[in-house]
Participant: 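I am attaching a structure below and will ask some questions about it afterwards.
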Amino acid sequence: MGENNAENNFQERDNALEQIATRLGVRAERGRRFAELTSLRVGGAIDWVLSPETEAQAAALVHEMDEAGIGWRALGSGSNILADDGDHHYVVLSLKELKGELGFAGERVSVPAGYSLPRLCIDVGRQGLSGIEGLGGIPGTVGGALWMNAGAYGHEIGTVTEAVRVARGGKVVEVPGSEVQWNYRHTSFSEGELLLGATLRLTPDDPEKIRARMEDAKSRRMATQPHGSRSAGCFFKNPPESAVGTGKIIDEMGMKGSRRGSAQVSPVHANFIVTEGEGARAEDALALAEEVRERVRREHGIELEYEVELWRANEPKNKPEVDDKAVEVNRKEPS
Ligand SMILES: Cc1cc2nc3c(=O)[nH]c(=O)nc-3n(C[C@H](O)[C@H](O)[C@H](O)COP(=O)(O)OP(=O)(O)OC[C@H]3O[C@@H](n4cnc5c(N)ncnc54)[C@H](O)[C@@H]3O)c2cc1C
């Protein structure tokens with residue numbers, strides 16, 4: 001009986017969703033998996049992936065889904081997410097098609113949420129605009145970077161954000177950057193809020209100098225982090241009570257290279273968990289992460305907190321209900 005009810009509810013939801021997507025002209029796909037959509041290349045089936053292409057379309061879409069009570073989560077490039085292997089019964093709103101064009105006006109640039117952050121850094125640098133060159137090596141979209149105030153090498157996106165465009169009541173609304181709290185890898189945007197784009201205010205500088213600073217940040221990153229591997233960046237936050245970073249703690253316990261099935265503690269950077277192979281499983285990455293946490297707890301009395309977001313199947317939320325062990329204040333350092 002319960003199962004039939006659930007099936008009927010999904011049927012109703014699916015019908016409503018198809019109507020909404022058709023009316024708004026948004027691409028709606030079934031049969032996608034998180035393994036295709038996240039940088040760790042693991043994670044189970046997703047009921048629906050919807051890909052709006054314009055800010056107005058995205059704003060109307062979330063409004064209609066909210067009105068219809070349809071649970072959704074925003075996804076950029078999936079470079080900070082570990083989605084579990086289960087069937088995820090909610091809608092993933094993929095922002096990657098919302099990439100449009102950059103709009104330059106003097107020191108300002110307007111950018112849609114789906115635009116690639118590394119691409120943006122190159123493009124503004126070429127225009128002789130400085131302020132985000134340290135962010136050039138952070139994979140992901142501008143929306144994902146805004147959401148968690150991404151930062152590296154002395155630059156944070158919030159510092160240069162003059163305004164953020166968000167979806168409210170079906171419309172695109174501009175929020176001044178000064179009204180947003182830009183904390184360390186954490187912002188005051190609230191659950192269920194969709195970010196559509198931003199206007200950044202940068203500083204004029206010589207394009208050659210900007211390029212040189214970008215190259216410098218890139219080579220520092222290349223020297224310390226695995227590249228070409230499937231990771232989500234740093235897996236755990238640095239413990240506030242410790243003078244030593246998480247990577248060093250794990251390294252000194254001799255865990256570099258430790259394995260659990262398809263997951264491995266990176267031999268290059270001990271705070272990176274990488275996955276390998278076609279059938280890699282989130283379960284392995286989670287089990288390995290828990291093994292690391294257990295040893296750090298036992299040997300150092302430190303409770304490591306997840307820095308990646310853990311997305312559980314069957315959470316009918318608009319935004320991921322972040323596990324209490326998972327990130328609530330994202331702390332990302334280019335270690
Ligand atoms: C190799 C590697 C190195 C990294 N180095 C760094 C680093 O130095 N510094 C750093 O800060 N991060 C780093 N990261 C982490 C990651 O790249 C950043 O967190 C990035 O900003 C995530 O962007 P994304 O588009 O992939 O977001 P996703 O991972 O797709 O999403 C992250 C969160 O943002 C939300 N979100 C995404 N887009 C929107 C939107 N438009 N509206 C509302 N919510 C949205 C999602 O719901 C989710 O909660 C690294 C990752 C990797 C793989």
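Counting starts at 1 for both ligands and their atoms, in listed order. Positions are given from 1, in the same order as the sequence printed here.
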Participant: Does the separation of the ring centres of F272 and F235 fall below 6.0 angstrom?
Facilitator: no
Participant: Applying a 4.0 Å heavy-atom criterion (strictly less than), which segment of H227 is in contact with ligand 1: side chain, backbone, both, or neither?
Facilitator: neither
Participant: Identify which of P139, A150, A232, A198 has a heavy atom lying nearest to atom 20 (C) of ligand 1.
Facilitator: P139
Participant: Atoms of ligand 1 less than 4.0 Å from G140 heavy atoms?
Facilitator: 23 (O), 24 (P), 25 (O), 26 (O)
Participant: Mind checking whether T203 and E107 have side chains closer than 4.5 Å, heavy atoms only?
Facilitator: no
Participant: If you define the side chain from C-beta out and look only at heavy atoms, does anything of I122 sit under 4.5 Å from R126?
Facilitator: yes
Participant: Using modelled atom types only, decide if a donor and an acceptor are shared between the side chain of S262 and the backbone of R281 within a distance under 3.5 Å.
Facilitator: yes
Participant: Any luck finding a side-chain donor-acceptor pair between E97 and S94 under 3.5 Å?
Facilitator: no
Participant: Please confirm whether the backbone N or O of P226 pairs with a side-chain atom of S229, one donor and one acceptor, at under 3.5 Å?
Facilitator: no
Participant: If you measure every N/O of F272 against every N/O of ligand 1, is any gap under 3.5 Å?
Facilitator: no
Participant: Quick test of your reading of the structure: of C234, S77, G233, whose heavy atom lies closest to atom 52 (C) of ligand 1?
Facilitator: G233
Participant: For a quick check under 3.5 Å, do T275 and R41 share a side-chain donor-acceptor pair by atom type?
Facilitator: no
Participant: Below 4.0 angstrom from a heavy atom of S231, which ligand 1 atoms are there? Numbered from 1 as shown, please.
Facilitator: 1 (C), 53 (C)
Participant: Which bit of E193 is near ligand 1, meaning a heavy atom under 4.0 Å away: side chain, backbone, both or neither?
Facilitator: backbone
Participant: When only distance counts, is G151 in polar contact with ligand 1, meaning an N/O pair under 3.5 Å?
Facilitator: yes
Participant: Side chain, backbone, both or neither: which part of W311 has a heavy atom under 4.0 Å from ligand 1?
Facilitator: side chain
Participant: Cation-pi check, R293 to F236: give yes when NZ or CZ is under 6.0 Å from the six-membered ring centre and within 45° of the ring axis, no otherwise.
Facilitator: no
Participant: Just by modelled atom types, is the G103 backbone N or O under 3.5 Å from a matching donor or acceptor in the S110 side chain?
Facilitator: no
Participant: Which ligand 1 atoms, with their elements, are less than 4.0 angstrom from a heavy-atom of E309?
Facilitator: 33 (C), 48 (C), 49 (O)
Participant: Nearest to atom 42 (N) of ligand 1 by heavy atom, L75, L195, N149: which?
Facilitator: L195
Participant: Which bit of L95 is near ligand 1, meaning a heavy atom under 4.0 Å away: side chain, backbone, both or neither?
Facilitator: side chain
Participant: Mark up the atoms of ligand 1 that fall under 4.0 Å of a heavy atom belonging to L194, in ascending order.
Facilitator: 42 (N)
Participant: Can you list the ligand 1 atoms lying under 4.0 Å from a non-hydrogen atom of I81?
Facilitator: 28 (P), 29 (O), 30 (O), 31 (O)
Participant: Is there a side-chain contact between Y115 and L102, using heavy atoms and a 4.5 Å cut-off?
Facilitator: yes
Participant: Would you indicate which of I138, T38, V164 comes nearest to atom 7 (C) of ligand 1 when only heavy atoms are counted?
Facilitator: I138
